[in-house]
Student: 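Once you've had a glance at the structure underneath, I'll fire off some questions.
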Number of protein chains: 4
Amino acid sequence: MFKINPSSSQPIYEQVVSQVKESILKGALREGEKLPSVRELAEMTRVNPNTIGKAYKTLEKERIIVTIRGRGTFVNESLDIKTDSTALIQLKKKLKDIIVELHYFGVEKDDAQKIISEIYLELRKEADHASS
Amino acid sequence: MFKINPSSSQPIYEQVVSQVKESILKGALREGEKLPSVRELAEMTRVNPNTIGKAYKTLEKERIIVTIRGRGTFVNESLDIKTDSTALIQLKKKLKDIIVELHYFGVEKDDAQKIISEIYLELRKEADHASS
Amino acid sequence: MFKINPSSSQPIYEQVVSQVKESILKGALREGEKLPSVRELAEMTRVNPNTIGKAYKTLEKERIIVTIRGRGTFVNESLDIKTDSTALIQLKKKLKDIIVELHYFGVEKDDAQKIISEIYLELRKEADHASS
Amino acid sequence: MFKINPSSSQPIYEQVVSQVKESILKGALREGEKLPSVRELAEMTRVNPNTIGKAYKTLEKERIIVTIRGRGTFVNESLDIKTDSTALIQLKKKLKDIIVELHYFGVEKDDAQKIISEIYLELRKEADHASS
DNA sequence: GTGGTCTAGACCACG
DNA sequence: GTGGTCTAGACCACA
């Protein structure tokens with residue numbers, strides 16, 4: 001389910017955070033559903049439990065998941081839309097950087113839009129697959 | 001010209017790299033044009049010269065700029081399109097992560113496409129301004 | 001009557017302790033009045049009976065309630081004023097921490113006093129409501 | 001400067017967080033001033049560097065301090081007022097709990113107001129002492 | 001030099 | 001059983 005690349009420059013805990021978010025978006029994890037325990041996921045991914053714990057803590061601060069004492073961690077049932085404007089501005093900044101990078105690969109506006117569409121298609125396809 | 005945020009999570013040298021690339025794309029830096037020397041830019045941006053040096057080295061590896069001993073560093077005159085497929089795949093991966101993040105801000109496909117368009121518009125506008 | 005938030009950072013048993021104390025203060029629970037049994041309250045609040053048991057034990061240690069074997073648990077009829085000075089010092093320490101926190105929300109002395117007044121008003125109002 | 005009680009029930013990193021906030025409020029730490037490095041403070045307080053690091057990270061997320069790569073951590077120069085309403089509600093909840101606790105020590109409204117005043121006086125006094 | 005990440009292993013409170 | 005905290009020690013990127 002979760003694939004970790006320990007030699008990536010992206011920190012392991014961020015990889016976990018990303019993949020949990022992606023799983024929720026795809027529907028592989030539904031609202032209210034229980035996540036694997038810290039220890040379980042640590043064993044599954046061959047990662048230190050503290051690292052998984054850090055990822056879960058990060059997700060909890062973003063209100064993506066909630067932890068219930070002694071029971072485990074669950075996908076938040078009332079996933080509200082975030083409104084942290086500075087975070088959104090940072091995201092747009094990152095997007096701009098990527099677009100500039102793509103330019104040096106010969107990818108201009110139309111191609112970029114196509115790539116975006118592909119990504120959404122990909123996410124949607126896996127979501128349909130999960131729900132069927 | 002270059003605005004550096006030393007408390008950003010993005011490394012300073014990467015900020016410099018990004019802004020040089022962006023300046024070229026906008027036309028603020030033309031092909032063949034001379035860049036400020038490491039020391040000059042370091043002073044302008046109040047950044048450690050080693051950091052600027054690292055940024056220039058990075059740009060040189062990507063063949064965006066070339067340094068001519070004793071003359072200085074210049075924007076590469078024959079900017080060819082990069083074909084490093086693994087780098088492109090990494091970029092798409094980052095793009096996917098950003099799209100997933102945007103989802104939690106309520107930004108879905110159509111809005112994302114709009115944001116992309118806005119970014120291109122913004123880059124184009126500044127480019128026109130630079131050439132006039 | 002008792003509202004438990006299992007995903008709060010405050011332990012469930014402490015939430016129960018707090019709410020029992022608050023109920024007594026408001027008059028919803030009178031001196032000598034019988035409390036629900038551990039099992040009853042556990043079912044009402046959908047909480048593990050061991051957790052309710054721990055809350056009751058804690059309240060008993062503080063002499064807020066007394067348990068009479070075979071009869072049940074009751075609000076202590078002779079609620080005397082506590083004189084544990086170390087406990088009081090700890091409370092003041094917590095109060096100081098909260099005041100420091102409030103400062104970062106722009107809440108200074110006068111506003112803090114107002115908030116305190118509001119809380120007493122709130123408690124008093126609910127007490128009047130309970131006695132009518 | 002910082003006094004840590006390792007046997008307190010309050011986590012060490014929270015003690016550090018509290019004391020940094022208090023120091024800023026008192027003026028012992030001014031805006032823009034450099035904090036001790038993680039390693040320095042760890043040695044001063046006889047605490048593991050990771051624990052100090054966690055405290056600093058927490059403070060950074062709250063925008064109380066900023067870290068500048070390779071240079072250290074500094075008190076944020078533009079300390080804006082926080083507006084996280086849910087956090088403020090939680091603070092008021094804690095305040096209510098403390099007021100209920102105080103009741104069992106015979107501390108009612110007027111005494112509580114006095115205690116608050118004393119705390120502000122105490123903070124102010126130390127602040128004046130620091131600035132003189 | 002700085003902070004950031006990760007691991008291994010331990011202890012604890014809670015339920 | 002769950003997650004939370006802490007330590008010790010290591011490695012790394014950045015400036």
Side-chain angles (χ1 to χ4, degrees), chain A residues 4 6-16 34-42 46-58 60 65-74, chain B residues 4 6-16 42 45-55 58, chain C residues 4 6-16 42 45-55 58, chain D residues 4 6-16 34-42 46-58 60 65-74:
Chain A
I4 299 303
S7 61
S8 163
S9 67
Q10 190 185 25
I12 293 175
Y13 83 91
E14 277 188 17
Q15 293 182 45
V16 175
K34 187 179 186 301
L35 291 161
S37 82
V38 168
R39 288 174 183 80
E40 276 172 11
L41 188 51
R46 303 291 206 140
V47 160
N48 186 291
N50 287 335
T51 306
I52 303 295
K54 183 171 183 179
Y56 277 18
K57 265 271 174 176
T58 304
E60 199 181 2
I65 64 177
V66 290
T67 90
I68 301 184
R69 316 178 63 97
R71 297 252 306 278
T73 57
F74 301 81
Chain B
I4 298 303
S7 62
S8 163
S9 66
Q10 190 184 27
I12 293 175
Y13 88 94
E14 278 188 17
Q15 293 182 46
V16 175
T45 53
R46 302 214 162 238
V47 160
N48 188 306
N50 292 333
T51 306
I52 304 294
K54 180 165 187 180
T58 305
Chain C
I4 298 304
S7 62
S8 164
S9 66
Q10 190 185 25
I12 292 175
Y13 88 93
E14 278 187 17
Q15 294 183 45
V16 175
T45 52
R46 302 214 162 240
V47 160
N48 188 307
N50 292 332
T51 306
I52 303 294
K54 182 165 186 178
T58 304
Chain D
I4 298 303
S7 62
S8 162
S9 67
Q10 190 185 27
I12 293 174
Y13 83 92
E14 278 187 16
Q15 293 183 43
V16 175
K34 188 179 183 303
L35 291 161
S37 81
V38 169
R39 287 174 185 79
E40 276 171 11
L41 188 51
R46 304 288 206 145
V47 160
N48 186 292
N50 286 335
T51 306
I52 304 294
K54 184 172 182 180
Y56 277 17
K57 265 272 173 175
T58 304
E60 200 182 2
I65 64 176
V66 291
T67 90
I68 300 184
R69 316 177 63 97
R71 297 251 306 278
T73 58
F74 301 81

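Each chain gets a letter, A, B and so on, in the order the sequences are listed, and its residues count up from 1.
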Student: Tell me which nucleotide, if any, is Watson-Crick or G-U wobble paired with F:dT2 when both distances must be under 3.5 Å.
Tutor: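 Because both required distances fall under 3.5 Å, F:dT2 counts as paired with E:dA13.
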Student: Between C:Ile4 (CD1) and E:dC14 (C1'), how many Å, whole number?
Tutor: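 About 14 Å, once rounded to whole Å.
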Student: Can you measure D:Gln15 atom CD to F:dT5 atom P for me and round it to whole angstrom units?
Tutor: 13 Å
Student: Is there a side-chain contact between D:Tyr56 and D:Val38, using heavy atoms and a 4.5 Å cut-off?
Tutor: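 Yes, close enough: below the 4.5 Å cut-off.
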Student: Return the nearest nucleotide to the side chain of D:Lys57; candidates are E:dG4, E:dG3, F:dG3.
Tutor: E:dG4
Student: May I have the distance from A:Phe74 (atom CZ) to E:dG15 (atom P), rounded to whole angstrom?
Tutor: 14 Å
Student: Rounded to whole Å, please give me the gap between CG in A:Leu35 and C1' in F:dT2.
Tutor: 13 Å
Student: Whole-Å distance between F:dG3 C1' and A:Lys34 NZ?
Tutor: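 Answer to the nearest Å: 11 Å.
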Student: Going by side-chain contact (heavy atoms from CB on, under 4.5 Å), A:Ile12 matches just one of A:Asn48, A:Ile4, A:Ile52. Which one?
Tutor: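 When side-chain contact (heavy atoms from CB on, under 4.5 Å) is applied between A:Ile12 and each of A:Asn48, A:Ile4, A:Ile52, only A:Ile4 qualifies.
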Student: Name the nucleic acid region contacted by A:Gly72, choosing base, sugar-phosphate or nothing; use a 4.0 angstrom heavy-atom cut-off, strictly under.
Tutor: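 Touches sugar-phosphate only.
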Student: Sequence neighbours excluded, which residues qualify as side chain to side chain donor-acceptor pair (under 3.5 Å) partners of D:Ser8?
Tutor: none
Student: Return the polar atom pairs (N/O with N/O) between nucleotides 9-13 of chain E and the protein under 3.5 Å, or none.
Tutor:
from  : atom 1 : to      : atom 2 : distance (Å)
E:dG9 : O6     : A:Asn50 : ND2    : 2.9

Student: Indicate, with a heavy-atom threshold strictly under 4.0 Å, whether A:Ile68 touches base, sugar-phosphate, or nothing.
Tutor: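 If one applies the 4.0 Å heavy-atom cut-off, A:Ile68 turns out to touch nothing in the nucleic acid.
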Student: Side-chain contact, heavy-atom cut-off 4.5 Å: D:Leu41 with D:Leu35?
Tutor: no
Student: To check you understand the geometry: which heavy-atom pair defines the closest contact between C:Ala42 and C:Pro49, and what is its length?
Tutor: CB-CA, 3.7 Å
Student: Go through F:dG3, E:dT2, E:dG3 for me and flag the one nearest to the A:Tyr56 side chain.
Tutor: F:dG3
Student: Taking CD from A:Glu60 and P from F:dG4, how many angstroms apart are they, rounded to a whole number?
Tutor: 6 Å
Student: Please give, in whole Å, the distance from E:dG4 P to B:Gln10 CD?
Tutor: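 To the nearest whole Å, that distance equals 16 Å.
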Student: In whole angstrom, what separates D:Leu41's CG from E:dG3's P?
Tutor: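 Spelled out: CG on D:Leu41 to P on E:dG3 is 10 Å.
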Student: Which pair of heavy atoms, one from B:Gln10 and one from B:Gln15, lies closest together, and at what distance?
Tutor: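 Distance-wise, the nearest heavy atoms are O-NE2, 2.9 Å.
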Student: Are OP1 or OP2 of F:dT2 and a side-chain N or O of A:Ser37 less than 4.0 angstrom apart?
Tutor: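 Yes.
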Student: Let me spell it out: for each of B:Glu14 and D:Val47, pick the nucleotide of DNA chain F with the closest heavy atom. Which residue's pick is nearer the 5' end?
Tutor: D:Val47
Student: Which atoms form the tightest heavy-atom contact between D:Tyr13 and D:Ala55, and what is the distance?
Tutor: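 It is O-CB, 3.5 Å.
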Student: Taking the nucleotide of DNA chain E with the nearest heavy atom to each, does A:Thr51 or D:Thr73 sit closer to the 5' end?
Tutor: D:Thr73
